[in-house]
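First the proteins, then the strands, lettered A, B, ... as listed; each starts at 1. Side chains included, hydrogens not; waters and symmetry mates left out as well; all remaining heavy atoms used.
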Number of protein chains: 2
Amino acid sequence: MHLQKYEKIPRATIARLAVYVQELEVMEQQGIKVISSEKLAWSCGVNPSQIRKDLAYFGEFGVRGVGYYVYELREAIKQSLGLDRTWNVVMVGVGNLGRALLRHQLLRKRGFVIVAAFDCDPFKIGEEIAGIEVQCSSKLPQSTIDMGVEIGIITTPPERAQRAANYLIEGGIKGIVNFAPSRITAPENVVVEYVDFIHNLFSVAFNITQHQIKGLL
Amino acid sequence: MHLQKYEKIPRATIARLAVYVQELEVMEQQGIKVISSEKLAWSCGVNPSQIRKDLAYFGEFGVRGVGYYVYELREAIKQSLGLDRTWNVVMVGVGNLGRALLRHQLLRKRGFVIVAAFDCDPFKIGEEIAGIEVQCSSKLPQSTIDMGVEIGIITTPPERAQRAANYLIEGGIKGIVNFAPSRITAPENVVVEYVDFIHNLFSVAFNITQHQIKGLL
DNA sequence: TATACATTGTTAAAAAATTCACTATGCACC
DNA sequence: GGTGCATAGTGAATTTTTTAACAATGTATA
Ligand SMILES: NC(=O)c1ccc[n+]([C@@H]2O[C@H](COP(=O)([O-])OP(=O)(O)OC[C@H]3O[C@@H](n4cnc5c(N)ncnc54)[C@H](O)[C@@H]3O)[C@@H](O)[C@H]2O)c1
Ligand SMILES: NC(=O)c1ccc[n+]([C@@H]2O[C@H](COP(=O)([O-])OP(=O)(O)OC[C@H]3O[C@@H](n4cnc5c(N)ncnc54)[C@H](O)[C@@H]3O)[C@@H](O)[C@H]2O)c1
């Protein structure tokens with residue numbers, strides 16, 4: 001298998017690859033062994049060329065005239081994305097959302113292991129959720145250094161997100177996923193990703209309105 | 001103010017407008033009255049032209065030589081997106097994530113009011129969370145019709161998402177936000193949006209790996 | 001072994017999105 | 001009222017992403 005071409009890979013490609021992995025897993029469970037780009041595209045809601053193109057950034061994984069072997073393709077994609085390993089993750093802010101994420105099974109299944117959780121609320125410190133004991137945020141930087149944690153999840157209120165980020169950065173973290181609806185600043189070498197599903201609600205609301213307007217025309 | 005031009009609006013624009021609203025709110029709280037596209041761009045992490053272009057889809061909201069009045073712009077964007085009203089929302093699947101969302105304050109603040117929640121687990125039916133009583137899913141279609149609900153949120157396990165969607169569709173819903181990691185099929189006139197933050201973790205992991213590879217070169 | 005067939009990998013074309021560069025215009029100050 | 005300045009709005013240029021088209025190639029079959 002050839003190495004990843006040195007070419008910038010579109011963000012959108014990464015997101016789609018994640019979807020492909022998802023759907024391939026479902027197919028695997030259904031006992032499907034081989035799949036064509038066309039069928040996979042169909043179930044992922046994208047164009048077949050798109051799939052082939054996305055995969056081409058990383059190598060050749062298919063067999064012409066046949067398609068892709070489901071298991072192999074899934075493994076190949078995971079490897080391409082750097083997911084053929086586990087990533088240690090810490091969480092800052094154990095509120096409603098933080099708890100839900102701590103209890104979420106799929107994270108571990110996908111290779112993201114939450115190894116520690118931090119909060120600044122004395123009432124929450126010491127509590128155990130899904131086998132993780134909540135610790136005082138002040139311990140964060142040292143802990144992440146000690147445990148070699150690479151990814152931090154922020155689930156504090158928005159006005160505390162920057163502070164949480166600072167702790168993480170101090171702790172030598174390499175990437176942050178921020179669930180709080182606020183922008184944070186971090187050094188260049190720290191990867192920051194924002195999650196905000198209000199966007200999706202906005203989008204749905206907007207599209208419903210548009211549909212209705214179009215309906216009137 | 002002129003009407004929205006009849007032109008297809010990029011999905012990405014909608015997502016960015018949501019970010020602008022967010023940042024404008026923060027600025028408003030800080031007492032900032034006027035903002036230039038350049039400064040707003042800076043705090044939203046985008047290009048100033050991008051902001052002006054995004055806004056141009058909907059009208060002219062600024063004052064040349066001055067900038068945008070923060071309050072007015074925020075209102076204008078919300079109106080453009082169809083968010084100058086409240087939207088009734090129902091939730092299907094009251095597990096870890098469903099609970100977190102029910103307790104989430106920001107949804108209501110942004111105009112999305114969860115008016116009912118449904119689950120199929122008899123142990124959960126009757127429970128009250130954040131003032132909402134969990135009802136049996138079988139009541140869903142009739143309830144949504146009766147209450148004139150337009151948006152449904154799916155937070156069931158992935159293998160149940162399609163069933164949940166079917167209930168919603170039967171209930172005459174116009175848009176669905178699916179938090180379960182599985183594709184669903186719905187009629188053309190129903191807007192479907194997928195939320196999956198595993199994508200963001202994938203993306204962070206991938207980018208960390210890339211950074212490291214680049215570092216070695 | 002040759003032939004037909006299916007489906008990939010890849011190149012080219014098209015479409016979409018972003019950024020740039022400039023024009024128009026409102027405000028402040030003289 | 002005129003002048004200078006700042007910044008929005010906009011059309012053109014650029015870049016990126018998606019889609020289409022097709023050549024390359026592995027498999028099955030006779
Ligand atoms: N609840 C949801 O479903 C939901 C959905 C989308 C986004 N969000 C966002 O996620 C964030 C968390 O939401 P939530 O509902 O869990 O809020 P929450 O108030 O329940 O939890 C926030 C937690 O962060 C802790 N905290 C505050 N400052 C901290 C600090 N400096 N260090 C460590 N911990 C700190 C608090 O003690 C609290 O436990 C918010 O920004 C919210 O907007 C939540
Ligand atoms: N927990 C998280 O933080 C998190 C994060 C991202 C995505 N998700 C996804 O969100 C979904 C829910 O996650 P969760 O952790 O809350 O799971 P969960 O198991 O805690 O909750 C699922 C709920 O759905 C109910 N349910 C099942 N089938 C139903 C049906 N047909 N009609 C109505 N209700 C039904 C169950 O009774 C249960 O209460 C899953 O698909 C999960 O992958 C969860």
Rounded to whole Å, how long is the line connecting atom [atom1] of [X] with atom [atom2] of [N]?
X	N	atom1	atom2	result
B:L17	C:dA17	CG	C1'	14 Å
B:D54	C:dA17	CG	C1'	10 Å
A:F58	C:dT10	CZ	P	14 Å
A:E72	C:dT8	CD	C1'	14 Å
A:F61	C:dT10	CZ	P	11 Å
A:I51	C:dG9	CD1	P	12 Å
B:E38	D:dG9	CD	P	15 Å
B:Y69	D:dT7	OH	C1'	12 Å

Practice task
Just say parallel, tilted or perpendicular for the rings of A:F197 and B:H104, cut-offs at 30° and 60°.
Solution key: perpendicular
Exercise for the section: Answer whether the closest heavy-atom distance between the side chains of B:T155 and B:L101 falls below 4.5 Å. Expected result: yes
Handout entry: Within the 6.0 Å centroid threshold, strictly below: B:F179 and B:Y194
Key = no
Which protein N or O atoms sit under 3.5 Å from an N or O of nucleotides 12-17 of chain D?
{"from": "D:dA12", "atom 1": "N6", "to": "B:K53", "atom 2": "NZ", "distance (Å)": "3.4"}

Exercise for the section: Ignoring backbone atoms, test whether A:Y68 places a side-chain nitrogen or oxygen under 4.0 Å from the OP1 or OP2 oxygen of C:dG9. Expected result: yes
Using a strict cut-off of less than 4.0 Å between a Lys/Arg side-chain nitrogen and an Asp/Glu carboxylate oxygen, indicate whether [X] and [Y] qualify as a salt bridge.
X	Y	answer
A:E23	A:R74	no
B:E193	B:R11	yes
B:D84	B:K78	no

Handout entry: Side chain B:R52 and base D:dG9 donor-acceptor under 3.5 Å
Key = yes
Practice task
Just call it for B:G62: base, sugar-phosphate, or nothing, with non-hydrogen atoms closer than 4.0 Å on any strand.
Solution key: sugar-phosphate
Completion exercise
Per atom distances to the B:R64 side chain, the nearest of C:dG9, D:dA8, C:dC20 is D:dA8
Handout entry: Closest-nucleotide 5' rank along DNA chain D - winner of A:T13 and B:S37
Key = B:S37
Handout entry: Of A:S49 and A:G65, the one whose closest DNA chain C nucleotide lies more 5'
Key = A:G65
Problem - Test side chain to side chain donor-acceptor pair (under 3.5 Å) applied to A:N166 and A:E170, A:R163, A:Q162, the passing residue - result: A:Q162
